[in-house]
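Along the sequence shown, residues are numbered consecutively beginning with 1. When reading the values below, keep in mind they use all heavy atoms of this one structure, side chains included, and skip hydrogens, waters and symmetry mates.
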Amino acid sequence: DAVFLGAVGDPAFDSQPPALRPEAGLLALRTALGGFANMRPAVAFEAAGTRRKLVTSVDKANVLETSRLWREVVTRVGLDYPEVTLHHMYVDSCAMRLATSPTEFDVLLTDNLFGDILSDEAAVIAGSLGLLPSATLGGRVALYEPVHGSAPDIAGKDIANPIGAIGCIALLLRYTAHMPREADAIDAATRDVLAQGMRPADLVRPGDTPASTSEIGAAVERAVVDSLERHWSYHGV
């Protein structure tokens, strides 16, 4: 029903032609599964309907013909969601305002090129690229993967940030397994662990001791179990 994929890639292959790089396997997998929309972490109008009901569509319609087509299609689709407010914004303006006033946005909808750039900018605002999950949807089988790269230089050191990968499991439960309660429990547990001050190496402040990958994973697991046990106990299960 779904594929949960670890990050792929290695700078050692950067000099190779595209077909011989590890990323080629990921692109082939996405094509084989039929996915066409990458969610980080939402498809736009339906997601906005459960949030602040605001979609900002990002393009470069003043320069690119493809962006003009994008704007026409998004506008047409938006008519099917009268409860959601749709704004159009040029990508350069969006990049500036995302850095200076990120809370004015709710859901960003854009193409692959601009999405790659803006999602990395959003990761910096959140604190680290290691925090973000993603999902490739639209095909017969959904593909879930963390946004961050493979970081072969820290492989096996137990210092990688596991939160993006954990978030992928929450997305999988929410959108493929249709288990929103369990997905909410994972998201809430992750927030609780961070709120308690536990930090992976890429989020730790100078002078503080970072928690290891396995320590953070174990802490999130305990928080998830506690949350679900409280729920089941409350309902007499």
Side-chain angles (χ1 to χ4, degrees), residues 27 30 33-139 142-149 163-164 167-168 170-176 178 180 183-184 186-188 190-191 194-195 203:
L27 298 177
R30 288 175 176 171
L33 297 179
F36 61 84
N38 189 258
M39 178 176 64
R40 300 187 177 188
V43 287
F45 286 98
E46 291 182 6
T50 65
R51 295 164 54 93
R52 290 162 45 198
K53 296 181 170 53
L54 172 63
V55 168
T56 302
S57 176
V58 182
D59 58 43
K60 194 62 176 171
N62 58 334
V63 175
L64 302 176
E65 285 191 33
T66 52
S67 281
R68 287 192 280 275
L69 174 61
W70 170 277
R71 186 171 289 210
E72 291 175 7
V73 172
V74 170
T75 300
R76 186 165 66 245
V77 172
L79 296 176
D80 295 332
Y81 298 86
E83 74 282 5
V84 176
T85 300
L86 170 63
H87 291 161
H88 295 281
M89 186 177 294
Y90 295 142
V91 63
D92 44 353
S93 176
C94 178
M96 178 188 68
R97 290 166 66 178
L98 190 60
T100 59
S101 185
T103 57
E104 74 177 73
F105 297 102
D106 182 24
V107 172
L108 290 176
L109 172 65
T110 189
D111 64 13
N112 183 273
L113 173 61
F114 300 149
D116 273 350
I117 297 168
L118 294 176
S119 61
D120 278 14
E121 183 184 5
V124 173
I125 293 169
S128 167
L129 200 62
L131 293 171
L132 300 187
S134 77
T136 299
L137 306 175
L143 174 68
Y144 299 89
E145 57 179 322
V147 172
H148 60 71
I163 293 175
C168 289
L171 291 182
L172 189 156
L173 290 173
R174 191 178 307 280
Y175 292 103
T176 293
H178 305 294
D184 288 344
I186 291 177
D187 287 338
T190 303
R191 288 194 298 269
L194 290 173
L203 292 179

**Q** Using a 4.5 Å cut-off on heavy atoms from C-beta on, say whether the side chain of L118 contacts that of C94.
**A**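 The answer is yes, as the side chains (C-beta and beyond) meet within the 4.5 Å cut-off.
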**Q** Looking just at side-chain N and O atoms, do Y144 and T176 make a donor-acceptor pair shorter than 3.5 Å?
**A**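 There is such a pair between these side chains.
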**Q** Which is it for M89 and F105 under the side chain to side chain contact (heavy atoms under 4.5 Å, CB included) test, yes or no, and what are the steps along the way?
**A** CA-CA 11 Å; M89 186 177 294; F105 297 102; 3.9 Å; yes
**Q** Checking side chain to side chain contact (heavy atoms under 4.5 Å, CB included) for the pair L173/I186: CA distance, chi angles, key distance, verdict?
**A** CA-CA 10 Å; L173 290 173; I186 291 177; 3.6 Å; yes
**Q** Would you mind reporting whether C168 and P146 have side-chain heavy atoms less than 4.5 Å apart?
**A**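 Of all side-chain heavy-atom pairs linking C168 with P146, at least one is under 4.5 Å.
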**Q** Take L86 and H88 through the side chain to side chain contact (heavy atoms under 4.5 Å, CB included) test and state the conclusion after the steps.
**A** CA-CA 7 Å; L86 170 63; H88 295 281; 3.7 Å; yes
**Q** Provide the closest heavy-atom pair for L98 versus A122 in the form atom of the first, atom of the second, distance.
**A**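 The answer is CD2-N, 4.3 Å.
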**Q** Is any side-chain heavy atom of F45 less than 4.5 Å from a side-chain heavy atom of V74?
**A**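 The answer is yes; the side chains approach within 4.5 Å.
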**Q** Looking only at atom types and distance, does a side-chain atom of S93 sit under 3.5 Å from a main-chain N or O of Y90, one as donor and one as acceptor?
**A**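 Side chain of S93 to backbone of Y90: no pair is present.
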**Q** Measure the shortest side-chain to side-chain distance between I163 and L194 over non-hydrogen atoms and say whether it is less than 4.5 angstrom.
**A**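 In short, these two side chains touch, coming nearer than 4.5 Å.
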**Q** Kindly write out the residues that satisfy salt bridge (Lys or Arg N to Asp or Glu O under 4.0 Å) with E104, not counting sequence neighbours, or none if the list is empty.
**A**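 Residues passing salt bridge (Lys or Arg N to Asp or Glu O under 4.0 Å) with E104: R97.
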**Q** For R51 and V107: C-alpha separation, side-chain torsions, deciding distance, then whether side chain to side chain contact (heavy atoms under 4.5 Å, CB included) applies.
**A** CA-CA 9 Å; R51 295 164 54 93; V107 172; 3.8 Å; yes
**Q** Taking distance alone, no hydrogens or angles, what donor-acceptor pairs closer than 3.5 Å link side-chain atoms of residues 56-67 to residues at least two apart or in another chain?
**A**
{"from": "S57", "atom 1": "OG", "to": "W70", "atom 2": "NE1", "distance (Å)": "2.9"}
{"from": "D59", "atom 1": "OD1", "to": "A61", "atom 2": "N", "distance (Å)": "3.1"}
{"from": "D59", "atom 1": "OD1", "to": "R71", "atom 2": "NH2", "distance (Å)": "2.9"}
{"from": "D59", "atom 1": "OD2", "to": "R71", "atom 2": "NE", "distance (Å)": "2.9"}
{"from": "D59", "atom 1": "OD2", "to": "R71", "atom 2": "NH2", "distance (Å)": "3.4"}
{"from": "K60", "atom 1": "NZ", "to": "D92", "atom 2": "OD2", "distance (Å)": "3.0"}
{"from": "S67", "atom 1": "OG", "to": "K60", "atom 2": "N", "distance (Å)": "3.0"}

**Q** Quick check: do H87 and V55 have side-chain heavy atoms less than 4.5 Å from each other?
**A**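 They are not in contact (no side-chain heavy atoms under 4.5 Å apart), so the answer is no.
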**Q** Can you give me the closest heavy-atom contact between A99 and P102, atom names plus distance?
**A**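 Looks like O-CD, 4.2 Å.
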**Q** If you round to the nearest 0.5 Å, how far is CG of L171 from CG of L143?
**A**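 Reported to 0.5 Å precision, the distance equals 11.5 Å.
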**Q** Identify, with sequence neighbours excluded, every residue that meets side chain to side chain contact (heavy atoms under 4.5 Å, CB included) alongside D187.
**A**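 So D187 forms a side chain to side chain contact (heavy atoms under 4.5 Å, CB included) with A170, R174, R191.
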**Q** Would a 4.5 Å heavy-atom cut-off, applied to side chains only, mark K53 and T85 as touching?
**A**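 No, too far: nothing below the 4.5 Å cut-off.
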**Q** Counting only N and O atoms by type, is there a donor-acceptor contact under 3.5 Å from the side chain of S134 to the main-chain atoms of E145?
**A**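 Flag set: sc S134 to bb E145 pair under 3.5 Å.
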